[in-house]
Amino acid sequence: MSTAMNFGSKSFQPRPPDKGSFPLDHFGECKSFKEKFMKCLRDNRFENALCRSESKDYLECRMERQLMAQEPLEKLGFGDLMDGKPGAETTS
């Protein structure tokens, strides 16, 4: 009986998600970016290397709307897609 009383006094302490997991886009804020990315994957037989630009745009949308943690795009593997920013490869 005392266990039941102790259980009732404990409160749930929420914690942030583990790295790599993030909230769902319940309001569809990035749906158009997701759809473009998924269409690209389907059109290219799911060769994700051919859809890196769409993937970058989708992740940027999620970060801007706080649906995932802010990370430098270089750290996410998009350094070569950065237009005129440090880390971008240029051909001269």
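No experiment lies behind these values; they were computed from the predicted model shown.
- For the pair Cys61/Asp57, no side-chain contact is recorded, criterion being any heavy-atom separation below 4.5 Å from C-beta on.
- Distance CD/Gln70 to CZ/Arg62: 12.0 Å, rounded to 0.5 Å.
- Between Arg65 and Asp25 no salt bridge is recorded (no basic side-chain N to carboxylate O distance below 4.0 Å).
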Would you list the atom pairs, donor with acceptor, under 3.5 Å between side chains in residues 27-46 and any protein atom, with sequence neighbours excluded?
unit_1 : atom_1 : unit_2 : atom_2 : d
Lys39  : NZ     : Asp43  : OD2    : 2.7
Asn44  : ND2    : Cys40  : O      : 2.9

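- Within the model, atoms CE of Met68 and CD of Glu60 stand 10.5 Å from one another, a figure rounded to the nearest 0.5 Å.
- Nearest heavy-atom pair across Leu76 and Leu59 is CD1-CD1, 4.3 Å.
- The NZ atom of Lys56 lies 6.0 Å from the CG atom of Leu73; values are rounded to the nearest 0.5 Å.
- For the residue pair Glu71 and Met63, the shortest heavy atom distance occurs at N-SD, 3.2 Å.
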